[in-house]
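Below: the structure, in structure tokens.
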Amino acid sequence: MEPLNFINGQWQKGHSGQSFDTLNPANESIIASIVAADVTDVEAAVQAAKDAFNPWRLTPAPLRGELLFRVAEILRERKEELAQLLTKDMGKVIAEARGDVQEAIDMAYFMGGEGRRLLGYTAPVEMHNKFGMAVRDPSGVVGIITPWNFPIAVPSWKIFPALVAGNTLVWKPSPETPAISAAFVKVFEDAGIPKGVFNLILAPGADVGRALVSHPDVRVISFTGSTATGRAIAQDAARLNKKVSLEMGGKNAIIVMEDANLELVSDATLWSAFGTSGQRCTAASRLIVQKGVAGKLKESLLARTKQLKLGDGLNAKTDVGPVINKVAQERIHGFVQAGKKEGARALVGAEMTAVDGKGFFYEPTLFDGVLPGSMLERDEIFGPVLSIIEFNTLEEAIEINNHSQYGLSTSIFTQDVNRAFTAMRDIASGLVYINHGTTGAEIQFPFGGVRGTGNGHREAGQAALEVFTEWKSIYVDYSGKLQRAQIDNREE
Ligand code: UN1
């Protein structure tokens with residue numbers, strides 16, 4: 001298979017002349033070789049998106065929405081095929097890959113419906129015979145840069161709202177997942193997207209991304225990925241007054257009160273910490289447990305973690321798939337070794353491993369005795385590593401949660417309604433779960449985080465439209481005379 005760039009409605013090789021391979025992380029086989037795009041391809045893609053903007057902007061929004069409905073239908077038909085390719089491309093287990101595709105289907109229907117909403121508003125005005133309204137305009141050409149961990153779901157949070165609002169776009173997915181990215185774009189082509197509206201650039205390295213970010217004709221950048229890259233993008237984009245939406249790191253916590261249902265806690269913790277091999281922005285990496293139940297919970301988690309089966313995500317018996325690549329495997333191990341050095345105790349895991357001699361696997365790892373403020377408690381590891389921290393009071397637990405440099409997702413387990421409401425009020429995170437793990441966001445609500453996780457924007461839900469539209473306030477004066485706002489119509 002040879003995934004290609006998609007520029008102005010044409011599938012084409014990149015102009016760099018350099019190839020890069022994508023490996024199946026479960027068995028290291030090559031899935032595809034891609035001739036990478038370079039900055040001339042970025043230029044061509046932005047030009048195509050610019051040329052396509054006017055006709056797409058002037059296509060009635062309900063018709064743009066209908067195209068998204070067609071995309072949704074095709075995604076439904078191809079769900080299994082796409083899920084299998086997704087698992088091969090980045091390793092997550094097949095049930096989760098199906099969920100990844102399903103999230104895009106949900107988003108396509110939701111944003112398709114926005115074609116008949118995209119709500120603005122009217123408000124009374126202070127002058128006679130004058131009318132006021134605020135409407136949403138598309139922003140223009142949008143640059144979308146996405147990671148490999150949710151190669152369909154996360155792009156869909158950006159692509160569908162951008163398109164329904166009337167923007168055209170250039171998408172640069174992670175070079176780890178070119179095959180599934182090209183298959184996703186093919187769905188739009190088959191649904192009849194006009195040429196130039198949706199362009200795909202496949203390339204490794206930072207140069208091509210930087211060319212997109214600093215292109216003067218790209219008005220909005222929507223990025224999900226590491227905090228360091230996100231900050232660099234924001235700095236580059238600031239020079240050209242671009243709108244930038246960033247979704248970055250997390251150090252998500254599950255808080256467990258003594259009154260919690262511990263069996264439920266242990267189910268939710270394993271799923272949140274080790275699902276997608278811990279490579280979610282919403283993965284739980286801190287388990288903050290009230291002292292009285294810490295021993296019992298650790299016992300149950302330890303026994304169940306030992307039973308988790310590592311393997312190829314296509315095998316239905318696999319619980320935990322590989323991590324994305326060798327570099328990630330070694331980086332995770334580096335954190336684990338540093339954690340041991342700072343005095344935490346690994347209860348289980350803490351090893352790089354392979355399955356049948358192949359693949360980039362990391363054993364699900366539990367760390368006990370982790371202290372607030374330590375590296376393990378502070379830094380995002382993006383792997384299957386859970387740090388256990390003990391506390392005495394709810395206030396203390398919330399303080400431990402809130403002092404993190406990140407603020408994406410926090411969950412609390414308690415049966416006490418007063419504690420639940422206190423936590424809902426005082427937890428400073430973009431997502432809060434009560435009696436549920438830290439993952440499992442649905443597309444109709446805003447997704448994003450506070451502090452180092454984001455820069456004040458949200459994806460998904462109607463909030464996503466704020467990123468991809470500009471407000472235009474329109475005043476219609478039908479009085480036939482000059483009426484001075486704030487001055488005429490006043491007694492004094
Ligand atoms: C991510 O963590 O990178 O809530 C995205 C969830 C998914 C999306 C997560 N629906 O876990």
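We're numbering straight along the sequence, starting at 1. Just follow the structure's listing: the first ligand is 1, and inside any ligand the first atom is 1. Given the structure is predicted, the values throughout are model-derived calculations rather than measurements.
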Using a 4.0 Å cutoff against the non-hydrogen atoms of [X], which atoms of ligand 1 qualify?
X: Asn149; value: 3 (O)
X: Arg280; value: 2 (O)
X: Trp157; value: 5 (C), 8 (C)

Assert yes or no for the condition that the ring centre distance of Phe335 to Phe367 is strictly below 6.0 Å.
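Ring centres of Phe367 and Phe335 not closer than 6.0 Å.
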
Looking at Arg116 and Glu66, does any basic side-chain N land under 4.0 Å from a carboxylate oxygen?
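So Arg116 pairs with Glu66 through a salt bridge.
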
State plainly whether the residues Lys242 and Asp236 are in salt-bridge range, i.e. N to O under 4.0 Å.
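Answer for the salt bridge query: no.
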
Non-hydrogen atom of Ala153 closer than 4.0 Å to ligand 1
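Ala153 does not count as a contact of ligand 1 under the 4.0 Å cut-off.
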
Consider ligand 1: state whether an atom of it lies below 4.0 angstrom from any non-hydrogen atom of Trp271.
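Per 4.0 Å heavy-atom rule, Trp271 does not contact ligand 1.
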
Give yes or no for whether the N/O distance cutoff of 3.5 Å, strictly under, is met between Gly440 and ligand 1.
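The answer is yes, given that Gly440 and ligand 1 share an N or O pair closer than 3.5 Å.
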
Specify the protein heavy atom at minimum distance from [atom]: its residue, its atom name, and the distance to 0.1 Å.
atom: atom 4 (O) of ligand 1; answer: Ala441 N, 2.6 Å
atom: atom 11 (O) of ligand 1; answer: Thr282 OG1, 3.1 Å
atom: atom 3 (O) of ligand 1; answer: Cys281 SG, 2.5 Å
atom: atom 7 (C) of ligand 1; answer: Glu103 OE1, 3.8 Å

Does a sphere of radius 6.0 Å around CZ in Arg210 hold more than 12 heavy atoms from other residues, nucleotides or ligands, not counting ones at 6.0 Å or beyond?
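Count not over threshold, so no.
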
Cation-pi check for Trp271 against Arg304: NZ or CZ below 6.0 Å from the six-membered ring centre and within 45 degrees of the axis, yes or no?
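Negative - Arg304 is either too far from the ring of Trp271 or too far off its axis.
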
Stacked cation flag Lys186 on Phe6, 6.0 angstrom / 45 deg:
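The answer is no; the distance or angle limit is not met.
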
For Glu466, check salt bridge (Lys or Arg N to Asp or Glu O under 4.0 Å) against everything at least two apart and list the hits.
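Glu466: salt bridge (Lys or Arg N to Asp or Glu O under 4.0 Å) contacts with Arg136.
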
